Structures are given as C-alpha cells and as structure tokens.
2 protein chains.
Amino acid sequence: MSAVHALTIADILREHRRSRPATTAAVDGPVRLTYPALDARTCRLARALADAGTGPGDRILYIGRNSVRLQEGLLAAARLGAVFVPANWRQSADELAFVLRDLAPAAVLWQGGDLEPAVRAAREAVAGERAQEGCLWVRCDGRADGDAAGADPYEELIASAAEEDPEGDTDASLPVLGLYTAAFDGRPACALLSHAALIAHDAALFQVRRIGPGFTFLNSGPLFHVGTMMFNLATFHAGGTNVYMPAFDAAEAARLIEAERVDHMFGFGPMLDAVAEANRDEDGKPRHDLSSLHFASHSPAWDAQVTVGTDPWSVSGMGGYGQTQACGMLTYLALAPGGEGAAGRPSPMVHVRITGPGGEELPAGETGEITARGPSLFSGYHARPELTARTLSGGWHRTGDLGRREADGTITFIGPRLRMIKTGNENVYPAEVERALKAHPGIADAAVIGVPDETWGQSVAAVVQCEPGARPTEEEVVAHVRGLLASYKKPRRVVFTDAVPKDGHLPDYAELDALYGGGGYPGE
Amino acid sequence: MSAVHALTIADILREHRRSRPATTAAVDGPVRLTYPALDARTCRLARALADAGTGPGDRILYIGRNSVRLQEGLLAAARLGAVFVPANWRQSADELAFVLRDLAPAAVLWQGGDLEPAVRAAREAVAGERAQEGCLWVRCDGRADGDAAGADPYEELIASAAEEDPEGDTDASLPVLGLYTAAFDGRPACALLSHAALIAHDAALFQVRRIGPGFTFLNSGPLFHVGTMMFNLATFHAGGTNVYMPAFDAAEAARLIEAERVDHMFGFGPMLDAVAEANRDEDGKPRHDLSSLHFASHSPAWDAQVTVGTDPWSVSGMGGYGQTQACGMLTYLALAPGGEGAAGRPSPMVHVRITGPGGEELPAGETGEITARGPSLFSGYHARPELTARTLSGGWHRTGDLGRREADGTITFIGPRLRMIKTGNENVYPAEVERALKAHPGIADAAVIGVPDETWGQSVAAVVQCEPGARPTEEEVVAHVRGLLASYKKPRRVVFTDAVPKDGHLPDYAELDALYGGGGYPGE
C-alpha cells in the first residue's frame, strides 16, 4: 500500500476533527466530547504513553467496563502504531495474569472498584517477571490510585503531555486492536485486527445497517466483544456519536435512548425484553420515548415502543455468521432476504469457500469448513505463530466452523468443527449430526463421538438426552437422522443419558470418549 | 497486503457465482446474463486473451459504446492482472491514434458501424509502429470483421477458450481499470485505478446511495466516464443488476426503467427532462411506470413520474466533488446535509487537506489546493512517471483543484488551480477571483490574469463579460470582489470584453495574457 492510499483509524479521527468540528463524538455520563476534543485528548494520551515508553507494535491493555476512555486508548494506540487490547473485565485474577503474561503490555489502563481485587492479584502474580518490567499501570476510573484525595491518574497522564498531533505514518495493514477469543487448543488467543481490516468491515455495516453521519450508537454490550465493538467502530468511522454505559442496565438504556436520540444499540432477546419492561411505569405507560431507536421487530411490547427498522439489518433478522477473526460479521442475513441459508450471504468485503479436509472447495449442499478471504479479516494471533500459520494456511482463513452452501448460494452455519470422525472413507463432523439429532422434538441435547471399528475405522455413536417425558427409541433416532443426512452420517449406536457432559457451551468430548469408548480419530 | 486479505474485482465475481447463482448480473438488449454465466464468459475471454499474448500489466483497449462486453472486458482483465481502458468513442482518428500510442495495448476490442471510419483510420495511422506489434484486434459489435456473413469475432474468441477459471492471485493493489482524463500539460493521461481503490470507492456509494443486493442500475451515461462507471462497479460489487444502453436515449431509458424495475440511472438536468418528456404519450399520460426509480427531486414532471428517493444521495443533492483520480467522488453532499460547503464532506474512505503552495495545511476559510489520501485514490498515470510523481508528491494526491474548508468543516470546490498569481507576498488563484466576479448579477463571464508590477511582482487584472444590458463600472466590480474576498485578491484593473476567450470550458489564459499584458507568474 503506497502512502497516498493510507487510511488508519487515527487518520479517520484527524479527518473528523477537520470535517466535524461541532459533532459530538462520545457521551459517557457527564462527559461529552466533540471530535476535536476527542482528537486533542488522544493526541495527549498518545504522547504521554510514548513518553513512558510505548512504541509501535507494543500492547496497551485495558481492563475495565465500557467508557470513552476505552475509545481514547484505542485511538492513542492507533496514533502510536501500538495494539490496544480491551480485556474481558469479568475474568478472575488467574485469567488476568494469563493475559498479562500473554501480552507483556507496555501499559495497562485499569479500573478499580469491584474490579480492583482481581486486577491487583493479577498484577502481584506477575510482579518481578522480566516481560512485565517497565509496564506503566494507570488507574483510569476517575479515582486516585491508592488514595482518596480525588486525584485521577488517567486525567493527570493526559494533562502531562502536549496536544500536538504525534503525526507519523502508520501502516494501515498493521494491527491496532486485539480481542481475545477462544482458540482450538483451549487457551484464549488474542486476534489481531488491522486498521485496514476494521475499515473494510465498517463498509459492510454502512451498507446493511445504514450507518452514516448523525448515527448514534448506544454501547450497551461489552466492548471487549466484537459484537459491540464493530458498531462502535462503524459509528466512529461514519462520524456519528458513541454513547457509553459502563455495563448493561435496562432502565438506564431507556433513559439514554431518549436523551441522546439513539439510533441503534447492541442487544438481543433478553436485553430487549428487559428494556421494554423497565421502560414501563406503574400504569404500563412508557417512561421514555424510544422511537429514535430503529431496530428489528422483537415482541409486541418492544415493537410498540421503538421504531421497527426498515434497514436491511433490521428487516432480514439481525446478524448472520460472525467471528472475532472476521472483525465481526462474515455473512449477513441482511444480504439474503428470503434466502435458504440460516447465515445469509457473505459480506461484500470477503469471499467464502466451504472446504473439505484437504482444503478443496466443496459443491453446494455439502458440509465443510467455512474458509474466507478478504480485507476485513484478521492478521493472525498475538504471539501464536503456529496457531496463526495453521489458521491462515494457503492464504485462506480457516474459521474452524462448519457450514454449507445452499442451492440458492446462501450459507448455513452448522457448528464448530472441533474434530472429525472417519468412517469408511467418509468424513463425519459431530456438530452436523448433533444438529440433526437436536432437530428431533423429543431430543433436548445430543453429542456425537467416533468409536473404533475394525471394519470402518470408526463408527458414529450418539449420546442423547431426551426432553422430559419423551422417550424415542434408538431406531426412531437413527431413522430421524437418516431422513436429514447421508446414511453414513447416521449413528450406529444411540446411548441415552440424563445429561450430556459439557465443557462450557460445547459437549465435553474427552469425557464422552472416556464414558462411551470413543477413539480412533484420524490424525490421532 | 497478505494473501488472506486479497479481494480483487475477479474475486468478487467468483463469489457472486457461488452466492448468487440465479441473479441477473447484466441486461444488454436481448442478452441476459446471470452471475455464473458472466463468470463463465469472462473466464473464457481471459483465457482467449492470454492465449493471444495478453498478460499481467498489459492494456486492453475498448473502443465502443456501452455494452455488457465492456464489463466482460474489465472482468477478463481483472482475471489476468491486466488493465482495461474504455476509451471515449467520440474521439477523432487522431485522438484514437494518440490513445493507441500512449497505451500500446495488447488487445483492442472495437465496435464498427459509425465508429468504424475513425477506428480504421487510427489503426492505419499507427500500423507498422513497433509498440503496436502483436496487438490483437477484435471487433465486438456482434457483426463480422470485414464480411457480412453474420460472424461475430468476439463470440468466436470467447468460444475458442475453455471455461475453467484461470485462477491465480492478482495483487489487489495493482491497477485494473484505466480512464483517460485531462492533464495539466494539455495531453490526456490515463488514470490507473486499482482493484482495492475501486472496492474502497464502492463502500462510500453503498453508504450514500444505499446500494445493496437487488439494486438495478441503468447505464445511461458513457462508461468511459467515471460518473457512470462508479455506479456500474458498485452495483456489480453489491450483486445487483447492470442494464446497458449503447448511448443515452430518453424513450428507451423510460422503457428499460419499467421493464427492468431500475432503481437508479446516471442522469443530470437535461437527461432527466428528456426522460420525463419522452415518457408522456399524446394525452400527457406516462407511457411507462418509472416508479421503481428512486431519484433526487428535479422538476414537477420528473417528480410525478419517479419515486423521490429517501437515500442520502437523493435527499441532499446528488454528487459533491469528484475526479477520475478519486475513482469518482472525493466528497459527498450526502454526507453534509445542510452544510455550508457546496461540495459536502469527504468520503469515509479518504482524508482531505486544503493546502498552500508549499504543501502546508491551510486553516478553515482559506482557499488552497484540495489534496487527498485514502484507499479509494488512483495509482498514478499510465506511462507518465513525472506527472505521477508531481501529482502524488509527499504521499498526497494533489487534485489540481482549489477548495476551501468552511467553518462547519464542509468543503467548497472553487475551480481548477491551473496557475497562481503572486502579488506582494500573497498567493491569488484566478479561479477564486473569477468565482467571486461571476457572483455579480451583471457579470456573465470573467477571467483573471496576473500583470507584471514593479512594486508587487504582479497585480491582479480582470477581464469581464457583462450580462446583456448590464454595465457595472470598474469601481463597482472591484468593490463587489472586495466584499467577498481579501483585499489583495481584488482586481487592480478591470477590462470589459464582449466574450472571454475560451479553451474548452476554461478561460484561454495564454490568449488572455497576450491580449491584456499578463505575465510574471511565479516559477516562470
């Protein structure tokens, strides 16, 4: 990319300062910042962090709830060519210590209050380690670090540096944001997202959610998650207004929607129900006018209070298929109104292949791994070269998720790939069979394993938890799967259990193999 | 850009083939092509051109009216890493010969009919020149080259090659489209537009014109001009339908709008009037239903027939400030509803500075050169290294146009820079003073030159053509300019003339200098 094509997150802010001198960039409690004010503060923050030793490629860790300070930290990192990482603040001291060791940050911006014990314990756990030396710790919750005199170390840091733009060309293909995500080997990995990738992802949101100047977004979900962050970034890119709340609170969300004329918020089912409920006064009348919010239809109570959106995102069902590694969304329901596939069509900024185990593209109707390419994809994982090489082998991102191209070209997300069963010469993905099993009305949960088989290498076995009162027979279960999938994918054996062992949201395959004789997987 | 971030125009077509197997990509007279059919034809065309010697970096010249074959040529070039150049088919034989010498194309796709004499004469003029050796000439208007037997050399070429995708990674930062534009030195120059730049420009049109799946665009303006081409490309990128007409015809446009449920067309004042008029039958009733067209309000007759658009592009006044070198638009009125500046705000894919003669950024309110940076900008000019270096010096594109940042951050386009007058130590741009002069109700046209001055280096002189019947005095004219601009910019002398000498749309400054004693310009 030559210099004339450069556009970083910091350049966007510089242009907003010129183009939008009076526009409110951020609202966070009593704090309201115009674009020039946001620009000035992040110039100072970048200079102060640079003075303390943060340079290109360094990590700046943020441990705290949503705040405009998170956005300031990101924009300061953008100016410095550094990587800003907002960590999940719900993590335990041990988990935070892992993050500190994984990132070896040059600076940590942290909030106190109820987060303080875990942050302090994590800091103590890594104290004295060589990689942590010289790290600048800045308390940024508006209260003093260690005294009650009302000092604010974060504001003191900002005030300590000059406002002049520490201008310098940062390569837009370098990472600027890191978000932790679950990796296949069990350890969280920090996905690195470049300026160019975030900017490309914005373009798709501009299209499907109609984000433009004047757009106001309520940051009602956690910004350490890409689901909220992607809207924050697109709103910023379009020159709109980001409204922050530290954490989701239904009544406060309703108040902010009216006060700031919010166009969009991060929210799904239970959050929307909570807002609709909290906004009813004793007589059942709305407390606040939520009509500025243009959102997908959800429930009679919700629809009566907000404006049901006419943008493609609201009309076609929000979402699609997404991943942190795709900067958010890879496919959008909004791009496939009425389509067969449950995940819609790819973003205009990516191309997608459904591939078999050898990386070959599969025809429509066959299940394989979702692989993708395009400017909105991530740049690999921080400090995980093998995992990065494996994931991005051949110049395509292997999502680790299974999908299928439908006859109309749309995509269905099947489930995580995790592992594969080899029976005869055929590949069977447990997630696909589990999806079919769970489509049976009498089945509440299911897991599928491979059992060593002398003839076929492995055979498919299903562990099934029935719905209360239901008791399908083994034959019924097998016939049900046979009706949905190719015959070689049907279980040869069905075991009934009271509860499928879980590892988080997913089946605990190690436990299942131990309990039911699984093994013989390809590559083992 | 690493492989995982790759996205070329050819990749977009490959993805459409997967994602939109039944969507109509193009309508051109009796020809209707789905995305898979368009993909298959361009695979064949690319293979056939490669077999005939066209390779990466080579130019493919297209001389002809609008046709799906123009789009096929571009997409074949995209597959080969070649550059597709649709020339202005209205050009004379001499002008076409200049283009042939400038490009030294590997292949020429040309239409006959009324274009044939000029094309043949141009071909003869360059015959025998070394740079033209081995060039493949393919007549592509559906009629035989030199016989009347109904053969179609273009279709024969396509049929001669296999359909397999000549897959291979093309760097998206390389040029794929060349469009001729006026250059400062008087010779046309071919601006080179990369895959990445065209894709970035699409993103802005997605936002302001709300282009998404299902969007249907009538190619009613010439595709050798970026104004029509940019909508063609964004429609293609979004998976919409491009409808072609060989050249603008008002009655045919009305018929196509109804038949294809066209959402948008290329059109400005007189074209819109012509469609509204041609679509009235003897009784004044509309012949065709134009309600699918969502367009800016224009006139009562127009507004009554189309649907007045609610997208930002239609609402805020179409356009803004654009240039071929920006792949189309650099600023959009749609991004600055109600703003002061006549050209709106920058595209989200660029950043813009108003700069003084030394390249320094000027504050709001001062007139200087519009300079820009961002992924949607061009890559320089074909075979014009000095011009490219001068235009893109310092990593910013110098547009050669003057503009001003208003207090609200919006931009006003003033006029072409052309040259500068130096009076005292101050810079005066003729276009800015001319704009002020023409704002006087009694002035029909005006030109401004610099006259050598012993004290000041140069002094400003105005050549003014009055409106019929109007006769402002010299003092009135000077006072009028003084009321609009800084005092040093006002003319010291005003000459009245019956007609300002013109060079195309612009004042003929050489003639004006000769007639009125201009000279002493800085750098002379």
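This one's a predicted model, so the numbers in the text were calculated from it and none came from an experiment. No hydrogens, no waters, no symmetry mates; every other heavy atom, side chains included, goes into these values. So you know, we letter chains A, B, ... as the sequences are listed, proteins then strands, and number each from 1.
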In terms of ring plane angle, is the pair B:Tyr35 and B:Phe236 parallel, tilted or perpendicular, where the classes change at 30° and 60°?
tilted
With respect to chain B, which residue among A:Arg353, A:Arg17, A:His397 yields the maximal number of heavy-atom pairs within a distance under 4.5 Å?
A:Arg353
Heavy-atom pairs under 4.5 Å with chain B - which of A:Gly409, A:Gly239, A:Ala197, A:Ala22 has more of them than the others?
A:Gly409
Would you mind checking which part of A:Leu392 comes under 4.5 Å of any heavy atom in chain B, side chain (CB onward), backbone (N, CA, C, O), both or neither?
side chain
Where does the angle between the aromatic ring planes of B:Phe231 and B:His264 fall among parallel (under 30°), tilted (30 to 60°) and perpendicular (over 60°)?
tilted
So which part of A:Ala372 gets closer than 4.5 Å to some heavy atom of chain B, the side chain, the backbone, both or neither?
backbone
If you count heavy-atom pairs under 4.5 Å with chain B, which of A:Asp202, A:Val350, A:Leu335, A:Asp311 comes out on top?
A:Leu335
With respect to chain B, which residue among A:Ala238, A:Pro348, A:Gly394 yields the maximal number of heavy-atom pairs within a distance under 4.5 Å?
A:Pro348
If you count heavy-atom pairs under 4.5 Å between each of B:Ile354, B:Asp408, B:Leu205 and chain A, which one has the most?
B:Asp408
Which of residues 207-215 of chain B have a heavy atom under 4.5 Å from any heavy atom of chain A?
B:Gln207, B:Arg210, B:Ile211, B:Gly212, B:Pro213
For chain A, the option from B:Arg18, B:Arg20, B:Arg405, B:Glu361 that forms the most heavy-atom pairs under 4.5 Å:
B:Arg18
So which residue, A:Val352, A:Ile12, A:Thr410, ends up with the most heavy-atom pairs under 4.5 Å with chain B?
A:Val352
